[in-house]
Amino acid sequence: MKIATFNINGIKARVNALADWLDEAQPDVALLQEIKSVDEAFPRELFEERGYNVETHGQKGFNGVAIFSKLPLEDVRRGLPGDDDDVQARWIEATVVGQQAIRLCGLYLPNGNPVELDADGSPVAGGKYDYKLRWMERLQARAEALLAEETPFLLAGDYNIIPQAEDARRPDAWREDALHRPESRAAYQRLVNLGLTDAFRARNQAAEQYSFWDYQAGAWNRDDGIRIDHLLLSPAVADMLTDCQIDKEIRGREKPSDHVPVWVELDN
């Protein structure tokens, strides 16, 4: 089973590019972020014609996540538990059944910039960085609940986290950014420490492996990238892992997203 994550940065701008990539890569499941569309306006027929079941959790102009699956999806849920007042469309989950059922959790983690800190260095309550870290606390709680249920699962999406220095061409440039601050990296590491596997690093330890290049300052031409799109696997799913790759060449095409797909192959 091939499962991919892809921040498409707007379905309206990227609909043809997404369709072309799906035709070429043929993932069984695609978890999408930043669809930037309400559910009613999402062009689902184009992807249903390709054999995908389509589930979306949209929001006008911002955010939005989706799951495409060639296999039936069961128990679809929208919104990360833990805050009923959070209206941002950043989380969708469903179960897909191959040889074994897997809980698919698609996420678009908050960026967190600008970083606003109090005099004591703690995030300003109600600020964007505070929201990011609180969202990560809820993500941790959801992962802990799934582990307690012994549910095989993966957490896939745009984490807006640069885990290690080797995940950026210029790590010093990101040191005070919300994507690479110590608090962000520590929250990500706590998640991994639950016993989850970073699928890409389990298969590839090399530096300079990126999934995002900014549109500005010629970042793509200079390969000035960062790795922020991750697939974290529960122990049962990690046992199924056979491969994980980044489709880097997609970034060089016409009207690309600033992200590229990352995918795993599972023996399922």
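As a basis for the values below, the full set of heavy atoms in this structure was taken, side chains included, without hydrogen atoms, waters or symmetry mates. Nothing fancy with the numbering, it's 1 onward along the sequence. Bear in mind that the values here come from a model prediction, so they are computed numbers and not experimental data.
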Looking only at atom types and distance, does a side-chain atom of [X] sit under 3.5 Å from a main-chain N or O of [Y], one as donor and one as acceptor?
X      : Y      : answer
Thr56  : Gly58  : no
Arg203 : Gln245 : no
Asp258 : Tyr215 : no
Arg138 : Leu80  : yes
His57  : Val65  : no
Glu116 : Val124 : no
His230 : Ile161 : yes
Arg90  : Tyr108 : yes
Gln99  : Asn268 : no

Is it the case that one hydrophobic cluster holds both Ile246 and Leu232, taking links as side-chain heavy atoms less than 4.5 Å apart, direct or via other members? no
| Same cluster (ILVMFWY, side-chain, under 4.5 Å), Phe200 and Ile250 | yes
Hey, are the side chains of [X] and [Y] touching, using non-hydrogen atoms and a 4.5 Å cut-off?
X      : Y      : answer
Glu166 : Arg201 : yes
Phe153 : Val237 : no
Val115 : Asp177 : no
Val260 : Trp213 : yes
Trp91  : Leu155 : yes
Trp135 : Asp86  : yes
Ile8   : Ile35  : yes
Gln59  : Gln88  : yes

Any carboxylate oxygen within less than 4.0 angstrom of a Lys/Arg side-chain nitrogen, looking at Lys248 and Asp223? yes
Does this structure show an ion pair linking Asp130 with Lys132, if we count only N-O contacts that are shorter than 4.0 Å? no
Sequence neighbours excluded, the answer for salt bridge (charged side-chain N to carboxylate O under 4.0 Å, His left out) partners of Arg251 is none
Glu265 meets the salt bridge (charged side-chain N to carboxylate O under 4.0 Å, His left out) criterion, sequence neighbours left out, with none
*Can you list the steps and then say if Arg190 with Leu194 is a side-chain contact (heavy atoms from CB on, under 4.5 Å)?*
CA-CA 7 Å; Arg190 285 193 294 273; Leu194 294 175; over 6 Å; no
Can you name the nearest heavy-atom pair linking [X] to [Y], along with the distance?
X      : Y      : answer
Asn160 : Leu109 : ND2-O, 2.9 Å
Pro152 : Ser234 : CA-OG, 3.6 Å
Cys244 : Ala199 : CB-O, 3.7 Å
Pro235 : Leu147 : CD-CD2, 4.0 Å
Trp21  : Ala30  : CZ3-CB, 4.4 Å
Ala156 : Thr5   : C-OG1, 4.0 Å

- Query: Are Gln26 and Lys70 linked by a side-chain donor-acceptor pair shorter than 3.5 Å?
  - Reply: yes
Does a side chain donor of either Glu55 or Asn53 reach within less than 3.5 Å of an acceptor in the other side chain? no
Hey, is [atom1] on [X] packed in by over 12 heavy atoms from elsewhere, all under 6.0 Å?
X      : atom1 : result
Asp75  : CG    : yes
Lys128 : NZ    : no
Arg78  : CZ    : yes
Glu24  : CD    : yes
Phe62  : CZ    : no

| task | Applying side-chain hydrogen bond (donor to acceptor under 3.5 Å, both in side chains), run through Asn7 and Asp229 and close with a yes or a no. | result | CA-CA 8 Å; Asn7 180 323; Asp229 301 88; 5.3 Å; no
Going from [atom1] on [X] to [atom2] on [Y], what distance comes out if it is rounded to the nearest 0.5 angstrom?
X      : Y      : atom1 : atom2 : value
Asp158 : Leu107 : CG    : CG    : 8.0 Å
Asn113 : Leu179 : CG    : CG    : 6.5 Å
Glu137 : Asp83  : CD    : CG    : 11.5 Å
Leu139 : Arg142 : CG    : CZ    : 10.5 Å
Phe212 : Ser257 : CZ    : OG    : 8.5 Å

Report task. Would you verify whether the NZ or CZ of Arg227 falls within 45 degrees of the ring axis of Tyr210 while also being under 6.0 Å from that six-membered ring's centre? Result -> no
Quiz prompt | Stepwise side-chain hydrogen bond (donor to acceptor under 3.5 Å, both in side chains) check, Trp263 with Asp247 | solution = CA-CA 8 Å; Trp263 53 265; Asp247 283 349; 2.9 Å; yes
For the pair Tyr52 and Phe68, name the ring-plane relationship: parallel under 30°, tilted 30 to 60°, perpendicular over 60°.
-> tilted
Margin query: Ring-plane angle category for Phe42 and Phe47, please: parallel below 30°, perpendicular beyond 60°, tilted otherwise.
Written below: tilted
*Evaluation steps, salt bridge (charged side-chain N to carboxylate O under 4.0 Å, His left out), between Arg185 and Asp167*: CA-CA 12 Å; Arg185 289 184 284 118; Asp167 295 313; over 6 Å; no
Mind running salt bridge (charged side-chain N to carboxylate O under 4.0 Å, His left out) on Arg103 and Glu149 for me, showing each step along the way? CA-CA 11 Å; Arg103 193 70 177 163; Glu149 297 167 3; over 6 Å; no
In Gln33, His259, Arg14, the residue satisfying side chain to side chain contact (heavy atoms under 4.5 Å, CB included) with Asn9 is Arg14
